[in-house]
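Chain A is the first sequence line, chain B the second, and so forth, proteins listed ahead of strands; every chain is numbered from 1.
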Amino acid sequence: MNSRYEFSQIEKKWRAEWEKNPINKEDDKKPKYYCLDMFPYPSGTGLHVGHWRGYVLSDVISRYKVLQGYQVLHPMGWDAFGLPAENFAIKNNIHPSIATASNIANVKRQLHDISAIYDWDREVNTTDPNYYKWTQWIFVQMFKKGLAYEKEMPLNWCPSCKCVLANEEATNGVCERCGATVTKKNLRQWMLKITAYAERLLEDLNKLDWPEKVKKMQSDWIGKSYGAEVEFAVKDTDEKITVYTTRPDTLYGATFMVLSPEHELVKKITTDEQKEEMEKYCFLASTKSSVDRVTDKEKTGVFTGRYGINPLNGALTPIWVSDYVLADYGTGAIMCVPAHDQRDFEFAKKFDLPIIQVIKEEGKEGGELTEAYTGDGIMINSGDWNGMKASEAKAKAPLYLEEKGIGKKTVNYKLRDWVFSRQRYWGEPIPIVHCPHCGAVPVPEDQLPVVLPNVESYKPTDTGESPLADIDEWVNTKCPCCGADAKRETNTMPQWAGSSWYFLRYVDPHNNEALASKEALDKWAPVDMYVGGIEHAVLHLLYARFYTKVLYDIGAVLFDEPFLKLFNQGMITKDGNKMSKSKGNVVSPDVLVEKYGCDSLRMYELFVGPPELDSEWDDSGIDGVFRYLNKVWKFVAGYKDKTVAATKEMEFAKNKMIYEITTRLEALTMNTVVSGFMEYTNKMIDVAKNADGIDKESLEALVRLLAPFTPHIAEEMWRELGHDITVFEAGWPEYDESKLVVSTVELPVQINGKVKDSIEIDKDEAKDVVLAKAKELLGGKLEGKTIVKEIYVPGRIINFVVK
RNA sequence: GCGGAUAUGGCGGAACUGGCAGACGCGCUGGACUUAGAAUCCAGUCCGAGAGGGUGCAGGUUCGAUUCCUGUUAUCCGCACCA
């Protein structure tokens, strides 16, 4: 064995060998493990060291599972529809599929450098008609179940992408993709009824081993609230206004009502005197972007001229219209209790409306309120409820109102239906035909896929129509139902469509009869470990859960949650920023692989910091890992002590290492796994130097543990140590618990909690003997002091409290 | 505004259920080898001469606090007029 660590030769050699003889073989006698990465968009820029982080992590887990005797599914594929390829096409007039294919080739080459155990026979590509046939098939099933429907409504419109956006893509009023300010546009669009699954999407979060942060983001996004709907009659009309409130206990304090400008009753009830001003206000509100509506904190509004009648006490409440009430949440109308809601309070102050306090803070005398009081307290001015605790009234009010026939208990969700159609070219065509007689008709399943046709111009339009609308021969078709002349739907699906179910396709990627066979799904799914960035917390991850539940309901899959465990790796930053071409701070793995080798880069990706946190990239850090691998290599190259017996010291060190590496790996604290390796290696070299060398077992344990992390060098060293079969068949080392028990321990000895010395004692030594020895040890340091208390925690500490 | 996370040497970070703070690595300093450099190896490296002090800041509980409690500051993230 060469004493120089020639990583490029070694890595080339084993990569070729593993391509011929994969270390991960399918074997149904073994338990399964499905370890998945969030599949990449094949961008023209290629991968940087930040991408590597997640891929290395999932590969280490996968190889670890192989060593543990699992058959592992660890696939890779391409989320290849989307805007960058399309924009490239527009600029260069080259079909997006061409740019996509060359990008895939490039990224695939880079992925090979990682030496992950991907099964390339299972590669999927969302833009492949054989793949999107099933993306379209799922849409048709949703349509048949009434989960996909058309609706005209004001939608988030990104003027830069020239495309509508889902609510999830327009948080903070900004386009998730390009950062442009989102405006509203009234359009007919395809919607998916994700709200029908709100409760299950919320409830089933409990089943998942996911980061709490992601679960919380999803549950906040779903936004369940409990409350009541209450009906107010409108005086001098036949109309009734239903309001939604989470605080029915404050009903006696309602002094006015507010409708959203879009509420259907606004036109009907506004009096003639108020009409002109109202129309002006509503028009203005409709032109405001959603950002302005939030940032213009000053309350605005117009009086309708009408009064609602409080169903509890008959009080008259003036009805106003204001844009601080949202049209699409609750009923689009609210009762206002300025004493106990800050927004209502501000509105009341601005327009000089009455404020009636109905909850008194306990132990406090009333005075004029300077802000809304939202805490608990005692009910006042509230008829039957006077004297009750507000929290109790809140709980009892909905049923009370139900009994009186003036309201009902309800729940509400912030989640809205998913705006699903896009006015862009590079996506899956929505498989629908519009017939003048039959309406929207799904393309029959035996005619799928509806293949994306070629167009002259990929350019998006401002009209809200997709570029596909220009291809007459494609658009004009016959109705599958009645045969009449009909037109194809020209919108495409959002990029999320293909990624909402790709994890199912990997289990059976070439199936032409179904999206995947029951047998294959049963064998591999659901995903045991899903590794990816936090940015998909409410987008991809919510959509994929929704898809899975729909497929479960129609019997296509037998589980209703796709990802049992989720791990979000942190970002790699450079100069404190996310790596991006425009910032010019991209660190390419290609150069580092060339200079240090794949194994060093893999190990450094893990060593750079705790995997769940963002970490700053430091090129000089990889030197440390490279030196480490050289050190191990040299030790193995110079290892001749093949007959040395194991010492107690090494036995202990070895078992401790196996224990620690295993528990740390299970906890995914990979940075400490690497430091554990270094510590053990230092110890091993130290012992070998001071004794007659070390036993083979102690060295081989290290090599086996290293295998998932630095597979090539581990394999080479393993063979060098005299093995004919791969290290990945050697199994994961087990630790011997009995060897971890020690007979003597070194304990720190403290005076008043400050460490003064340390003492080696028998583990089971009696307390008074230990304390006597410790006192003797401290000797002079205790002189002239009175010992007030003596503390001995076996195995931990000795402490004397003195005066 | 609401909610969540984080704060430890020059740097990245470690420390199990409260028990020797700074493991491991980077960087740096000195030395060896070399004509010289690179590489490698050896020694040192929280501050302080020392007593002692030290985990964002101020308190508290405890024999003992990076760890628990109260308050506070800074940074980051999520949501944002959701009634």
Side-chain angles (χ1 to χ4, degrees), chain A residues 4 171-173 211-214 216-218 220-221 223-225 227 243-248 250 254 257-258 260 290-291 293-299 322-337 340-344 346-347 412-416 534-535 537-538 576 603-604 607-610 612-625 627-628 630-631 634 660 663-664 667 669 671-682 746-758 787-793 795-802:
Chain A
R4 262 186 67 118
T171 52
N172 297 316
E212 285 308 313
K213 182 187 164 102
V214 177
K216 182 147 197 330
M217 280 169 74
Q218 290 213 355
D220 284 353
W221 187 260
K224 184 178 188 178
S225 68
V243 301
Y244 171 70
T245 178
T246 55
R247 295 296 305 274
T250 62
M257 305 173 76
V258 176
S260 77
S290 43
V291 197
R293 233 169 123 149
V294 175
T295 41
D296 293 354
K297 284 284 177 198
E298 184 77 3
K299 296 277 180 289
S322 172
D323 65 5
Y324 83 90
V325 173
L326 305 172
D328 52 0
Y329 179 78
T331 60
I334 62 170
M335 66 173 208
C336 299
V337 185
H340 305 292
D341 182 286
Q342 190 57 27
R343 296 152 301 185
D344 299 346
E346 283 161 21
F347 196 85
N412 247 298
Y413 300 90
K414 290 186 197 172
L415 185 71
R416 311 293 153 80
I534 185 82
E535 65 272 18
V538 282
M603 194 171 234
Y604 183 57
F607 193 49
V608 70
E612 73 280 8
L613 299 183
D614 292 352
S615 293
E616 171 73 11
W617 186 264
D618 176 9
D619 266 339
S620 66
I622 194 172
D623 283 317
V625 169
R627 276 175 212 151
Y628 169 72
N630 272 285
K631 199 190 238 183
K634 272 189 196 148
E660 282 180 350
T663 43
R664 290 172 183 183
T669 55
N671 53 328
T672 63
V673 170
V674 177
S675 65
F677 282 136
M678 292 171 168
E679 224 167 321
Y680 178 74
T681 306
N682 290 343
E746 190 168 316
L747 286 194
V749 182
Q750 301 180 327
I751 298 176
N752 288 343
K754 303 285 175 209
V755 179
K756 296 295 172 186
D757 214 328
S758 71
I787 297 176
V788 190
K789 201 168 176 184
E790 298 174 342
I791 291 147
Y792 170 52
V793 185
R796 293 252 185 251
I797 203 98
I798 299 159
N799 189 16
F800 296 105
V801 185
V802 301

* Asked: Taking the C1' atom of each, how far is rG44(B) from rA51(B), in whole Å?
  -> 24 Å
* Asked: Considering only the P atoms, how many Å lie between rA49(B) and rC2(B), rounded to the nearest integer?
  -> 47 Å
* With C1' as the reference atom in both, quote the distance from rG54(B) to rU66(B) in angstrom, rounded to an integer. => 11 Å
* How close do Tyr329(A) and Ser225(A) get, heavy atom to heavy atom, and via which atoms? -> OH-OG, 3.0 Å
* Distance in angstrom units between Tyr604(A) OH and rG25(B) C1', rounded -> 9 Å
* Closest nucleotide of RNA chain B for Trp221(A) versus for Arg247(A): which of these residues is on the 5' side? -> Trp221(A)
* To do: Determine the contact category for Lys216(A): base if any of its heavy atoms lies under 4.0 Å from a base atom, sugar-phosphate if only primed atoms, P, OP1 or OP2 are that close, otherwise nothing.
  => sugar-phosphate
* Counting side-chain heavy atoms from CB outward, which of rC20(B), rG25(B), rA80(B) is closest to Met678(A)? -> rG25(B)
* Asked: Does Asp344(A) reach the main-chain N or O of Val337(A) with its side chain, forming a donor-acceptor pair under 3.5 Å?
  -> yes
* To do: Return the minimal non-hydrogen interatomic distance between Pro748(A) and Ile797(A), and the atom names on each side.
  => CG-CD1, 3.6 Å
* From rG25(B), rC79(B), rU40(B), pick the nucleotide closest to the side chain of Asn172(A)? -> rC79(B)
* Looking at Tyr329(A), does any N or O in its side chain come under 4.0 Å of the phosphate oxygens OP1/OP2 on rA83(B)? -> yes
* **Contact pattern, 5' to 3', of nucleotides 11-18 of chain B - B, S or - by protein heavy atom under 4.0 Å** => -BSS-BB-
* To do: Quick one: label Ser620(A) by what it contacts on the DNA or RNA (base, sugar-phosphate, nothing), any heavy atom closer than 4.0 Å.
  => sugar-phosphate
* Structure fact -> Of Gly795(A) and Asp220(A), the one whose closest nucleotide on RNA chain B sits nearer the 5' end is Asp220(A)
* Asked: Any side-chain donor paired with an acceptor under 3.5 Å for Lys789(A) and Asn799(A)?
  -> no
* To do: Only stems of 3 or more consecutive Watson-Crick or G-U pairs count here, both distances under 3.5 Å; name the ones for RNA chain B, or none.
  => B:1-7 with B:73-79, B:10-12 with B:24-26, B:27-32 with B:40-45, B:56-60 with B:68-72
* Asked: Would Arg664(A) and Glu660(A) pass as an ion pair if we require N to O under 4.0 Å?
  -> yes
* In whole angstrom, give the distance that lies between atom CE of Met257(A) and atom C1' of rA83(B). => 12 Å
* Asked: What integer number of Å spans the P atoms of rG22(B) and rA14(B)?
  -> 15 Å
* Length of the CG-C1' vector between Asp341(A) and rG1(B), whole Å -> 13 Å
* Whole angstrom value for the distance that separates C1' of rC79(B) from CG of Leu326(A) -> 14 Å
* Asked: How is Ser225(A) classified with respect to the nucleic acid when contacts are heavy atoms under 4.0 Å: base, sugar-phosphate, or nothing?
  -> sugar-phosphate
* Asked: Is a side-chain donor or acceptor of Glu616(A) paired with a backbone partner of Gly576(A) at a separation under 3.5 angstrom?
  -> yes
* Send over the distance from Ile534(A) CD1 to rC76(B) C1', rounded to a whole Å. => 13 Å
* To do: Work out which heavy atom in Ala537(A) is nearest to a heavy atom in Met217(A); give both atom names and the distance.
  => CB-CE, 3.5 Å
* **Short side-chain N/O contact from Thr171(A) to OP1 or OP2 of rC79(B), under 4.0 Å** => yes
* With rounding to the nearest 0.5 Å, note down the distance linking NZ in Lys224(A) to CG in Leu415(A). => 13.0 Å
Provide a list of protein-nucleic acid N or O atom pairs under 3.5 angstrom, restricted to nucleotides 60-65 of chain B.
{"residue": "rC63(B)", "atom": "OP1", "partner": "Lys789(A)", "partner atom": "NZ", "Å": "3.3"}
{"residue": "rC63(B)", "atom": "O2'", "partner": "Asn799(A)", "partner atom": "ND2", "Å": "3.4"}
{"residue": "rC63(B)", "atom": "O2", "partner": "Asn799(A)", "partner atom": "ND2", "Å": "2.6"}

* Taking it one step at a time, do Met678(A) and Phe607(A) satisfy side chain to side chain contact (heavy atoms under 4.5 Å, CB included)? -> CA-CA 11 Å; Met678(A) 292 171 168; Phe607(A) 193 49; 4.0 Å; yes
* To do: For nucleotides rU67(B) and rC57(B), find the distance between their P atoms and express it as a whole number of Å.
  => 11 Å
* Torsion-based syn/anti label for rG4(B), 90° from 0 as limit -> anti
* To do: Quickly work out the Met603(A) CE to rG25(B) P distance and round it to whole Å.
  => 12 Å
* Any Lys/Arg nitrogen of Arg247(A) or Asp341(A) sitting under 4.0 Å from an Asp/Glu carboxylate oxygen of the other? -> no
* To do: Fit a plane to each ring of Tyr604(A) and Trp617(A), take the angle between them on a 0 to 90° scale, and name the class: parallel (under 30°), tilted (30 to 60°) or perpendicular (over 60°).
  => perpendicular
* Can you tell me, in whole Å, how much space there is between the C1' of rG56(B) and that of rU17(B)? => 26 Å
* Nearest-angstrom distance from the residue atom CD of Glu679(A) to P of rG25(B) -> 8 Å
* P atom, rC69(B) versus rA7(B): distance in rounded Å? -> 15 Å
* Asked: If we take the C1' atom in both rA23(B) and rA15(B), what is their distance in whole Å?
  -> 8 Å
* Which atom of Val258(A) lies closest to which atom of Cys336(A), heavy atoms considered -> CG2-SG, 3.6 Å
* **Presence of donor-acceptor pair under 3.5 Å, side chain of Lys299(A) and base of rC81(B)** => yes
* Report which part of the nucleic acid Asn682(A) touches: base, sugar-phosphate, or nothing (heavy-atom distance under 4.0 Å, all strands). => sugar-phosphate
* **Where Lys213(A) and Ile534(A) come nearest, the two heavy atoms and their spacing** => CE-CD1, 3.9 Å
* Asked: Between Gln342(A) (CD) and rC2(B) (P), how many Å, whole number?
  -> 11 Å
* Looking at Arg627(A), does any N or O in its side chain come under 4.0 Å of the phosphate oxygens OP1/OP2 on rU40(B)? -> yes
* Structure fact -> Closest to the side chain of Val755(A), out of rA21(B), rG25(B), rA80(B), is rA21(B)
* What are the two closest non-hydrogen atoms of Thr250(A) and Met335(A), and how far apart are they? -> OG1-CE, 3.8 Å
